[in-house]
Amino acid sequence: MTALEFTIVVLALSALAGFLGALTGLGGGVVVVPALTLALGVDMKYAIGASLVSVIATSSGAAAAYVREGFSNIRIGMFLEIATTIGAVLGAFLASRFSTHALAIVFGLILLQAAYMSFKGLPESAERVASDALATRLRLGGDYPVAGSPQPYGVRNVPAGFAMMFGAGALSGLLGIGSGAVKVIAMDRVMRIPFKVSTTTSNFMIGVTAAASAGLYLKHGYIDPQVAMPVMLGVLAGALVGAKLLMHMRVKTLRMVFGAVILALAIEMIVNGITGKV
Amino acid sequence: MDDHRLETIIGRLLQAGVLLAAAVVTIGAVTYLAQHHADGVDYRHFVAGGPDTSTLNGIVRSAAHFESLGIIQFGLLLLIATPVARVALAIAGFALERDRLYTVVSVVVLLILLASLLHAT
């Protein structure tokens, strides 16, 4: 393959990945890594390096739009970023110790979970709670717009949420993904933060978390300019278009189809990892 | 300065950082493809690149010589720097709000990010 052909093919695949990732809320990373490794035979380490860069781009690119909606909570985000960044540094360190086969198998397992989430949709907890003692001391509670007027919300179970965020950061650093789904579950389900606040705050955290792995990724040569260039530009463009369309589309059917594709990718990734093809 | 105003400023900063990074990467990409479009490429087996693409000093030096891959990598560095700048701005914002707790929290996050980026020097 020539450099021009490679760039065009990767640009197109990445744009599709970013588009689907934005529409389904799973992010571009979980799609772009298997697309590169399974369809083009790109080594996992180049794929996760390029994916990490694209994750920073989509997170930062979408931030202004999220802020305008008035949902994200900068205190919750910043406090939990202590956990995600430390986790990310550990994950990036482990990525250099893992074999490509082992990385492929772990990635396949994460894809299985992503497929499950696409079929089920992200679980959303309904009723609001008051902050517990630790969350009150940390002043994590806030308010968010419901039907135009601000409604206050409380935060609970900070230690459990913090521990889960450490895990989300480690996965992000190990696999070059945003691991937004784990972050949302930690905030929405464990810490009882409203779903909208959880998703938008998670988007903010993804970029900072990924930046914490970037130093080690650069040092180990995972961020290769020829691979990362079309992935970053493609995923960013696809994600911006996807986010615009999201407001005018019914995504339930799409999510089912996407879930089936992810499930197939998960199985292929795990099988290839075990047989040593990836 | 309140939290929402701080978040609006930070959101704008992030967007500007991404657009700038994407523009630099695109310039590098056009230069690279103009010179190397017919070269064969193979990414089937991982080979760690040299200092020109994997260390901060090497990337800046290479970009300053207008080498296409150096320009792309410099654009990616700008991208990696946007969330770091976001945390630095949050420190200033919390300090202006006289919020000691969250100024310290933000400083801790910034130190972790900088310690990680030091690996690439």
Side-chain angles (χ1 to χ4, degrees), chain A residues 1-4 6-7 36 40-46 53 56-57 59-61 63-68 70 72-75 78-79 81-82 85-86 88-89 92 100 138-139 142 204 207-208 210-216 218-230 232-233 236, chain B residues 3-4 6-8 10-12 14-15 17-19 21-22 25-26 28-29 32-33 36-49 53-56 59 68-70 72-73 75-76 79-84 86-87 90 101-102 105-106 108-109 112-113 115-120:
Chain A
M1 206 182 273
T2 69
L4 184 63
F6 181 81
T7 304
L36 287 176
L40 296 175
V42 172
D43 191 291
M44 269 296 276
K45 302 207 161 163
Y46 289 128
V53 167
I56 301 178
S59 158
S60 300
Y66 281 130
V67 168
R68 219 171 298 126
S72 63
N73 182 320
I74 192 170
R75 279 159 213 272
M78 196 58 78
F79 177 71
E81 271 159 17
I82 295 178
T85 50
I86 294 174
V89 173
T100 307
L138 291 168
R139 285 176 280 127
F204 251 112
V208 175
S213 324
L216 279 166
L218 264 179
K219 179 192 169 197
H220 290 130
Y222 297 173
I223 302 177
D224 183 279
Q226 286 141 288
V227 186
M229 171 262 286
M232 179 246 178
L233 294 176
L236 181 63
Chain B
D3 276 14
H4 192 69
L6 179 59
E7 287 184 62
T8 308
I10 287 175
R12 292 264 165 74
L14 289 174
Q15 208 172 32
V18 172
L19 291 179
V25 170
T26 305
Y32 163 70
L33 289 175
H36 300 282
H37 59 91
D39 293 6
V41 291
D42 181 15
Y43 297 102
R44 283 167 193 283
H45 299 288
F46 177 72
V47 189
T53 53
S54 62
T55 65
L56 301 184
I59 292 168
S68 57
L69 296 182
I72 294 175
Q73 212 68 340
L76 298 180
L79 184 70
I80 293 166
T82 40
V84 182
R86 182 217 140 183
V87 176
L101 174 62
Y102 279 90
V105 165
S106 311
V108 170
V109 174
I112 298 167
L113 288 176
S116 163
L117 285 173
L118 272 181
H119 280 104

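Lettering of chains follows the sequences in order, A, B, ..., and the numbering in each one begins at 1. Every heavy atom of this structure was used, including side-chain atoms; hydrogens, water molecules and symmetry mates were not.
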Sub-4.5 Å side-chain heavy-atom contact between [X] and [Y]:
{"X": "A/Leu36", "Y": "B/Tyr43", "result": "no"}
{"X": "B/Tyr32", "Y": "A/Leu4", "result": "no"}
{"X": "B/Phe46", "Y": "A/Thr100", "result": "no"}
{"X": "B/Val87", "Y": "A/Met78", "result": "yes"}

Looking only at heavy atoms, which two atoms of [X] and [Y] are closest? And how far apart?
{"X": "B/Ser116", "Y": "A/Ser213", "answer": "OG-N, 4.4 Å"}
{"X": "A/Ala228", "Y": "B/Leu76", "answer": "CB-CD1, 3.7 Å"}
{"X": "A/Thr2", "Y": "B/Val41", "answer": "O-CG2, 3.9 Å"}
{"X": "A/Leu218", "Y": "B/Ser54", "answer": "O-CB, 3.0 Å"}
{"X": "A/Glu81", "Y": "B/Arg86", "answer": "OE2-NH1, 3.0 Å"}
{"X": "B/Thr82", "Y": "A/Ser60", "answer": "OG1-OG, 4.0 Å"}

- [ ] Report yes or no: does B/Tyr102 contribute a side-chain atom to a donor-acceptor pair with the main-chain N or O of A/Leu138 at less than 3.5 Å?
- [x] yes

TODO: Look only at the side chain of B/Gln73 and the backbone of A/Ile223, and say whether a donor-acceptor pair between them is shorter than 3.5 Å.
DONE: yes

- [ ] Against chain A, work out which of B/Leu117, B/Leu113, B/Leu118 has the most heavy-atom pairs shorter than 4.5 Å and name it.
- [x] B/Leu113

Task: Greatest number of heavy atom pairs closer than 4.5 Å to chain A - which of B/Ala81, B/Gly70, B/Gly75, B/Ala38 - done: B/Ala38

Chain B contact via [X] - which portion, at a heavy-atom distance below 4.5 Å:
{"X": "A/Met229", "value": "both"}
{"X": "A/Ser72", "value": "both"}
{"X": "A/Val89", "value": "side chain"}
{"X": "A/Thr7", "value": "side chain"}
{"X": "A/Leu236", "value": "side chain"}

What option among [options] has the most heavy-atom pairs under 4.5 Å with chain B?
{"options": "A/Met232, A/His220, A/Gln226", "result": "A/Gln226"}
{"options": "A/Ile74, A/Val42, A/Asn73", "result": "A/Ile74"}
{"options": "A/Ile86, A/Leu40, A/Ile56", "result": "A/Ile56"}

For [X], is it the side chain, the backbone, both, or neither that has a heavy atom closer than 4.5 Å to a heavy atom of chain A?
{"X": "B/Leu69", "answer": "both"}
{"X": "B/Ala29", "answer": "both"}
{"X": "B/Leu19", "answer": "neither"}

Task: Spacing of A/Phe6 atom CZ and B/Leu33 atom CG [to the nearest 0.5 Å] - done: 11.5 Å

Open item on the list: Rounded to the nearest 0.5 Å, what separates atom OH in A/Tyr46 from atom CZ in B/Arg44?
Closed with: 13.0 Å

